[in-house]
**Q** 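Below are the structure tokens for one structure; questions will follow.
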2 protein chains.
Amino acid sequence: MDTKTRMIETATKLFQQRGYKAVGLNELLRACETTKGALYHHFPGGKEELLIACLHSLNETLTRDIELLFNCESSTEAAVRAVIGEMIKDLDRDGTIAGYTFSSIVSEMSLLSEPARDACRALYEKIQSIFHAKLLEDGFSNNQASSVSLFLTASIEGGLLLCRAQNSSIPLKTISNVIPELMKEF
Amino acid sequence: MDTKTRMIETATKLFQQRGYKAVGLNELLRACETTKGALYHHFPGGKEELLIACLHSLNETLTRDIELLFNCESSTEAAVRAVIGEMIKDLDRDGTIAGYTFSSIVSEMSLLSEPARDACRALYEKIQSIFHAKLLEDGFSNNQASSVSLFLTASIEGGLLLCRAQNSSIPLKTISNVIPELMKEF
DNA sequence: TAGTAAAAACAGACCGGTTGGTATGCAGAA
DNA sequence: TTCTGCATACCAACCGGTCTGTTTTTACTA
């Protein structure tokens, strides 16, 4: 794997786990097994340009992963539960989540960097659009699908936050169990 | 107002808006209109001890604010919508939320500082317990109330995250509108 | 009530380490 | 030989934290 790709993949995980500011440049480079020269060669804009690249890359991998799961399941409900199941698996195995989310980045960058916020918004929109399409298949109206896809995205991200605070996967499990109740009402 | 209280109140807002690492010590002291001497006099443990103090203080004010709103409303549904309404008001007025949430802190501190994570967990538990009590009044079973209070907390925090990413209060408004649909199903 | 000593509440200079960022060097491919 | 793809040395700025004063308040005594 070439240096640039390796940097993006490694940095993405670190940023997802701990946020932007909390990950120092030297630590980042050590984890990527590379140097500042390589960083500023591939990303003249430095750390922030790398972050944007990570978010764009995340957009692709996330889309691919989620769509893959969604294609295996018949209903939106089952599909969402499958996605949450993957998060729980990661959480129970590694004690942390380095996929499917980027809340650490959103909260600290939204006030600081316009491009970063845009990239995060695009990411959320992409996820919601996948949910949205599946909901339409399930017979939801366009308006309903919009509301529900947003609601699903929010509760998953919020659930992850609770998991981090509790250092446990129980909140996400609870949310996963509540979702069927929620979906059948519409 | 004495220095210590002023420091806690000012720092709390900054930490809520931008997270822990993103707020530098010097910037913090400037905002509090004080000096390092005062900081390390009142908080020998430095910045982190101040953060913990902020989280404890937040626990009290948040509890008071939410309980006040909850006492004015008859149902849990109306009460939750009132809480979200306050968040939306803040968001539309200031462009940022410096109350009712601390997601920025959770995501970056959960892996770094055990005491900070504990304080965050206590905060979420407190919020959920208020929701829980009101749900019992509404006739929910104990189990249902636990699930729903967690679900409500998660979707509000997640909704705020989406608001930050979109720089808009629409996500929270949508969530506020979906909640009645959700509540009547149980 | 005045005087005084001790303690609390700061203020600010200073520290080593780290930050993100730059400039230069240098090997290998084209 | 020229260009890409790094590596290394170096930088000023800033980080959180410590240390040594100085001022203000408090407590007690004469």
Side-chain angles (χ1 to χ4, degrees), chain A residues 1-55 57 104-105 107-117 119, chain B residues 1-55 57 104-105 107-117 119:
Chain A
M1 191 193 302
D2 66 342
T3 304
K4 188 172 181 176
T5 311
R6 197 177 63 246
M7 293 188 71
I8 291 181
E9 292 195 358
T10 312
T12 301
K13 281 184 191 167
L14 283 176
F15 287 146
Q16 282 182 286
Q17 287 173 348
R18 312 226 314 272
Y20 180 75
K21 288 260 179 184
V23 180
L25 203 51
N26 291 322
E27 178 197 3
L28 188 66
L29 296 169
R30 225 177 297 125
C32 298
E33 290 177 320
T34 184
T35 61
K36 296 199 175 179
L39 169 64
Y40 284 90
H41 172 72
H42 293 292
F43 308 98
K47 195 185 174 190
E48 180 163 335
E49 185 175 336
L50 173 59
L51 171 69
I52 308 282
C54 287
L55 291 172
S57 148
S104 337
I105 301 163
S107 24
E108 62 175 322
M109 295 309 281
S110 61
L111 283 170
L112 299 177
S113 159
E114 183 75 19
R117 210 197 47 223
Chain B
M1 191 194 302
D2 68 341
T3 304
K4 188 171 180 177
T5 311
R6 198 176 63 246
M7 293 188 71
I8 291 181
E9 292 194 0
T10 312
T12 301
K13 281 185 192 167
L14 283 175
F15 287 145
Q16 282 182 287
Q17 286 173 347
R18 312 226 315 272
Y20 179 75
K21 290 256 181 186
V23 179
L25 203 51
N26 292 321
E27 177 198 0
L28 189 66
L29 296 169
R30 227 177 296 125
C32 298
E33 290 177 321
T34 185
T35 61
K36 294 199 176 177
L39 169 65
Y40 283 90
H41 172 70
H42 293 292
F43 307 98
K47 197 186 174 189
E48 181 164 334
E49 185 175 334
L50 173 60
L51 171 69
I52 308 282
C54 287
L55 291 172
S57 147
S104 335
I105 302 164
S107 21
E108 61 174 322
M109 296 307 282
S110 62
L111 284 171
L112 300 177
S113 159
E114 182 77 18
R117 209 197 49 222

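All chains are named by letter (A, B, ...) in the order of the sequence lines, taking the proteins before the strands, and each is independently numbered beginning at 1.
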**Q** Could you give the CG-to-P distance, from A:L29 to D:dG5, as a whole number of Å?
**A** 18 Å
**Q** Take atom NZ of B:K4 and atom C1' of C:dA8, then tell me their distance rounded to the nearest Å.
**A** 12 Å
**Q** Can you check whether B:H41 has a side-chain N or O nearer than 4.0 Å to OP1 or OP2 of C:dA9?
**A** yes
**Q** For the OG1 atom of A:T34 and the CE atom of A:M7, what is their distance to the nearest 0.5 Å?
**A** 5.5 Å
**Q** Decide whether a cation-pi geometry holds between A:K4 and A:F43; the criteria are a distance under 6.0 Å from NZ or CZ to the six-membered ring centre and an angle within 45° of the ring axis.
**A** yes
**Q** Would A:R18 and A:E27 count as a salt bridge (charged side-chain N to carboxylate O under 4.0 Å, His left out) if you check the C-alpha gap in whole Å, the side-chain angles of each, and the deciding distance to 0.1 Å?
**A** CA-CA 12 Å; A:R18 312 226 314 272; A:E27 178 197 3; 3.0 Å; yes
**Q** Please list, for nucleotides 13-17 of chain D, all pairs of protein and nucleotide N/O atoms separated by less than 3.5 Å.
**A**
residue: D:dC15; atom: OP2; partner: B:N26; partner atom: ND2; Å: 3.1
residue: D:dG16; atom: OP1; partner: B:L25; partner atom: N; Å: 3.3
residue: D:dG16; atom: OP1; partner: B:K47; partner atom: NZ; Å: 2.9
residue: D:dG16; atom: OP2; partner: B:L25; partner atom: N; Å: 2.2
residue: D:dG16; atom: N7; partner: B:K36; partner atom: NZ; Å: 3.3
residue: D:dG17; atom: OP2; partner: B:Y40; partner atom: OH; Å: 2.8
residue: D:dG17; atom: OP2; partner: B:K47; partner atom: N; Å: 3.1
residue: D:dG17; atom: O5'; partner: B:Y40; partner atom: OH; Å: 3.1
residue: D:dG17; atom: N7; partner: B:K36; partner atom: NZ; Å: 3.1
residue: D:dG17; atom: O6; partner: B:K36; partner atom: NZ; Å: 2.2

**Q** Any chance the side chains of A:S113 and A:E48 put a donor and an acceptor closer than 3.5 Å?
**A** yes
**Q** Roughly how many Å is it from CD in A:E49 to P in C:dG20, rounded to a whole number?
**A** 16 Å
**Q** May I ask you to decide if B:M1's main-chain N or O and B:T5's side chain share a donor-acceptor pair within less than 3.5 Å?
**A** no
**Q** Considering just the side-chain nitrogens and oxygens of B:H42, establish if one lies under 4.0 Å of OP1 or OP2 belonging to C:dC10.
**A** yes
**Q** Look at A:T34 and D:dC6 and indicate whether a side-chain polar atom (N or O) is within less than 4.0 Å of OP1 or OP2.
**A** no
**Q** In whole Å, I'd like the distance from the CZ atom of A:F43 to the C1' atom of C:dT22.
**A** 18 Å
**Q** Under 4.0 Å between a side-chain N or O of B:T35 and OP1 or OP2 of C:dG12?
**A** no
**Q** Hey, does A:L28 have a side-chain heavy atom less than 4.5 Å from the side chain of A:L50?
**A** yes
